[in-house]
Enquirer: 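First, the structure itself, so that you have it in front of you.
Per chain, numbering begins at 1; letters A, B, ... match sequence-line order.
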There are 2 protein chains.
Amino acid sequence: MTQTTSILIKDPIIIADEVHRNSILVVDNKIEEISSKLNDNDAEVVIDAHDKIAMPGLVNTHTHVAMTLLRGVGDDQALQTWLNDYIWPREANLTDELVYAGSRLAMVEMIKTGTTMFNDMYFYMQQTAKAVEEAGIRATLGYGMIDLFDDEKRKQELKNAKELIKSSHNTADGRIKVAITPHAPNTCSAELIQESVKLASDNNLKLHIHVSETQDEVDLIKNEHGMTPFKYLDTLGALSEDTIAAHGVWTTPDEIKLLSERGVTVSHNPSSNMKLASGIAPVADYLENGVNTTIGTDGVSSNNNLDMFSEMKLTALMQKVNTLNPEVLKTRQTFNMATVNGAKALGVNTGELKEGKLADIVLVDTNVAHMVPLIDPLSNIVYAALGSDVNTLICDGKILLKDKQLTTLNEQEIIDEARSAALQL
Amino acid sequence: MTQTTSILIKDPIIIADEVHRNSILVVDNKIEEISSKLNDNDAEVVIDAHDKIAMPGLVNTHTHVAMTLLRGVGDDQALQTWLNDYIWPREANLTDELVYAGSRLAMVEMIKTGTTMFNDMYFYMQQTAKAVEEAGIRATLGYGMIDLFDDEKRKQELKNAKELIKSSHNTADGRIKVAITPHAPNTCSAELIQESVKLASDNNLKLHIHVSETQDEVDLIKNEHGMTPFKYLDTLGALSEDTIAAHGVWTTPDEIKLLSERGVTVSHNPSSNMKLASGIAPVADYLENGVNTTIGTDGVSSNNNLDMFSEMKLTALMQKVNTLNPEVLKTRQTFNMATVNGAKALGVNTGELKEGKLADIVLVDTNVAHMVPLIDPLSNIVYAALGSDVNTLICDGKILLKDKQLTTLNEQEIIDEARSAALQL
């Protein structure tokens, strides 16, 4: 890892509340100063960023990173076929080693496309924690609990979740947090969800859960409980400012008001919702009603990559066409969904380029044809940039990517290991 | 330009009717042989492509390339505001020099993201032809005629179209074709459209026209003519196997049958239709009914780039969610839309990696994290690849991009010129 205590990012176009050209001084793991008066003597490392855009690192608020190993498995299938015939049989073969290999592959992909923090729910999470620690980025990690309404299974799942708190919460210089992650209201018993809420509250952790992803799920919950999924979760005390609800596709207007009142965050997953034909989430309505709305890629096998630039563009475009209103999802709103809203959701002091914030910074090349002209830098970031335009990535004050080269990870070794790991699934 | 008469592409994974590993021999401007028996002595230039996917060059069937200069102008506006307040006032300042600069910028972007052929409609098209000739790719170019129902204007527009035929048809070793391009049924008189049909037919040219892009257009045509846009165009004789209809968003089931009967090609433009909130085209129905359906980026200011990889993914994803059926738009169908269907539309013997076809070939890197594992190469191309994964591009048997470096164009000079050109709009 590049060990530096101060970095001067010289003269980029900065996407802050305003878009302006200035310099950024990073000291230790924070943004110390943003000013035009900084000079080369102020820092140990100087990055000439005159032809770069500086923006906060992207925050991917819903994913299952080890699923990189399942890229291209079971495309174009109906959801239940996809799960039953393609995904679950392979996931049954998962091991510590395979999850580590898949997580490492995801670290490479995320760092190279500008993501500095992600929110994950899966299995063998100590392995993902190890990959995050080595890579140098931030993550909130949860053990995905599914009890399928079985008492014994519930106890075991909660035990696993508690072990993850012990092993991993606040590790890696505080870059890793643990969240409590019951899978979904239709795969977890009421007891499991209630105990999850208590476990999260007792340990001051986030609660991360899939909700209202498909029509089938909504129908099932309505049949079982006589109410829609978010209403049902509210009766279990599961909706609060610490809740991150992934998907939220079939949310009713009443539920949207409830989410706003409770301060729940929604993680919108456009590629996944489109690819699995789950539906179109009412994102414009979420924003209109003040719901903290963020963006996730979901797992790779329903996407099929982890590129948050694509997700930003897709988020805006899908809402415009779905409402037949091109004025919804302004570039600034979309950008905030992928940055500061995600940081707020995960309770981390980042997601914005401001003095005092954690130094999670991405530098994007502007001297490439598809970023020319630069009439509106924010527009180019949201609508024109590709993930591969990320030139430099700093997380927690450390340079993890410099001139498109990883500093903490051996890319070829990770690719080779992932290839052989995928063959074992 | 790299002048070679034979190229051996050694050992790539080839996306042909089957996906298989083999070698490709290019002689002059054609694919001479695809075989496992080729060796280094068979060609003057040998490209080791063991870690690459070889696929046909992408075909962008609807664009206005010089609009690269308007990237980021007027995002998130209603269509009429966008046109009236942002686009048209700037287009009024266009000159030969500016269109040349914008076209050159587009050549760089397209070559670097895998496009070998495009279908364009705009102004000052001799300048675009010049840029295409220098770049080495293929294009079908049309002068965009708009008479706004004025007799004098109509005559002038047809004169311009005829001049373009004379100056540019079948130039650049046959890489440039001219098409007849009346703008749209609501901006062109019936006479102009009829004369366009005759002009195209007399000269054996394609007819390229915007149709059924917005609800407003459909309403207007129905009010004027008592029928929907495609039915109206049919009464003018404008629907044939030589017709490329851009957008086709609000097409009715009856019209879809008509398009199928007449052999019309539809150019689907997902980003543009979404960003301008025009609507969602019935692409799954087009394919179901045997309509030759292709993909276009439209102009940059309603996209905001020319990356056909994004458009492929978006095409598939939007149809799945719109029909709530993940099984529509299989990877192969989407891929064909972006390749062979486009070649068929433009009447060029390319779009497939087969012996005897023109050598328009793209090599895509597979040794990057987001292309690992390579369980299904076609899936990785459609759903996981970024435009920037294009490593090498061959058009008409010439190498235009090698290891991501342009061979025919000076990228920095073009970027610098485009930046100053954009300031003049």
Enquirer: Would you mind telling me which of L378(A), V300(A), V382(A), I375(A) has the largest number of heavy-atom pairs within less than 4.5 Å of chain B?
Expert: I375(A)
Enquirer: Rounded to the nearest 0.5 Å, what's the gap from CG on N322(A) to CE on M274(B)? Could you check?
Expert: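 Between N322(A) CG and M274(B) CE, I get 9.0 Å after rounding to 0.5 Å.
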Enquirer: Is it true that D75(B) and T331(A) share a donor-acceptor pair across their side chains at a distance under 3.5 Å?
Expert: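 Absent: no donor and acceptor within the cut-off.
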Enquirer: At what distance, to the nearest 0.5 angstrom, does NE2 of H370(A) lie from CZ of R71(B)?
Expert: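 Interatomic distance, H370(A) NE2 to R71(B) CZ, rounded to 0.5 Å: 7.5 Å.
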Enquirer: Among V108(A), D389(A), D376(A), L105(A), which residue has the highest count of heavy-atom pairs closer than 4.5 Å to chain B?
Expert: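 Looking at each option in turn, the highest pair count goes to L105(A).
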Enquirer: Could you check which of L386(B), D416(B), T113(B), V372(B) has the highest count of heavy-atom pairs closer than 4.5 Å to chain A?
Expert: V372(B)
Enquirer: Please determine, among L276(B), V321(B), L306(B), the option with the most heavy-atom pairs under 4.5 Å with chain A.
Expert: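 The residue among L276(B), V321(B), L306(B) with the greatest pair count is V321(B).
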Enquirer: Quick check on the interface: out of I414(B), I280(B), L423(B), N305(B), who has the most heavy-atom pairs with chain A under 4.5 Å?
Expert: N305(B)
Enquirer: Given that the side chain runs from C-beta out, which part of E327(B) has a heavy atom under 4.5 Å from chain A: side chain, backbone, both or neither?
Expert: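 For E327(B), backbone and side chain are both near chain A.
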Enquirer: Go through the atoms of S388(A) and report whether side chain, backbone, both or neither lie under 4.5 Å from a heavy atom of chain B.
Expert: both
Enquirer: To the nearest 0.5 Å, what is the distance between OG on S271(A) and CG on L317(B)?
Expert: 5.5 Å
Enquirer: Taking atom CG of N380(A) and atom CG of N304(B), what is their separation to the nearest 0.5 Å?
Expert: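 The CG atom of N304(B) is 7.0 Å from CG of N380(A), to the nearest 0.5 Å.
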Enquirer: Go through A106(B), P270(B), P373(B) and name the one with the most non-hydrogen pairs under 4.5 angstrom from chain A.
Expert: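 The option with the most such pairs is P373(B).
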Enquirer: Report the option among E411(A), Q319(A), K330(A) that has the most heavy-atom pairs separated by less than 4.5 Å from atoms of chain B.
Expert: K330(A)
Enquirer: Restricting to non-hydrogen atoms, name the atom on S379(B) and the atom on G72(A) that form the minimum distance, rounded to 0.1 Å.
Expert: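 So the two residues come closest at OG-CA, 3.4 Å.
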Enquirer: With side chains defined as the heavy atoms from C-beta onward, is the minimum distance between L314(B) and L314(A) less than 4.5 Å?
Expert: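 L314(B) vs L314(A): side chains touch.
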Enquirer: Would you say that Q215(B) contacts L324(A) through its side chain, given a criterion of any heavy-atom pair below 4.5 Å between the two side chains?
Expert: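 Q215(B) vs L324(A): side chains touch.
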Enquirer: Chain A: which of V328(B), D307(B), I415(B) shares the most heavy-atom pairs with it under 4.5 Å?
Expert: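 If we count pairs closer than 4.5 Å to chain A, I415(B) comes out on top.
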Enquirer: As an exercise: rank K275(A), M371(A), Q412(A) by heavy-atom pairs under 4.5 Å with chain B and give me the winner.
Expert: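 Of the candidates given, the most pairs with chain B belong to K275(A).
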Enquirer: For A316(A), is it the side chain, the backbone, both, or neither that has a heavy atom closer than 4.5 Å to a heavy atom of chain B?
Expert: neither
Enquirer: Side chains of K320(A) and N273(B) only: does a donor on one sit below 3.5 Å from an acceptor on the other?
Expert: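 No, because no side-chain N or O of K320(A) sits under 3.5 Å from a partner of the opposite role on N273(B).
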Enquirer: The test is side-chain contact (heavy atoms from CB on, under 4.5 Å); show your working for N303(A) and K313(B) and say whether it passes.
Expert: CA-CA 9 Å; N303(A) 188 308; K313(B) 182 170 181 177; 2.8 Å; yes
Enquirer: Find the one option among A422(A), G279(A), A418(A) whose heavy-atom pairs under 4.5 Å with chain B are most numerous.
Expert: G279(A)
Enquirer: Quick check: do L329(A) and D76(B) have side-chain heavy atoms less than 4.5 Å from each other?
Expert: no
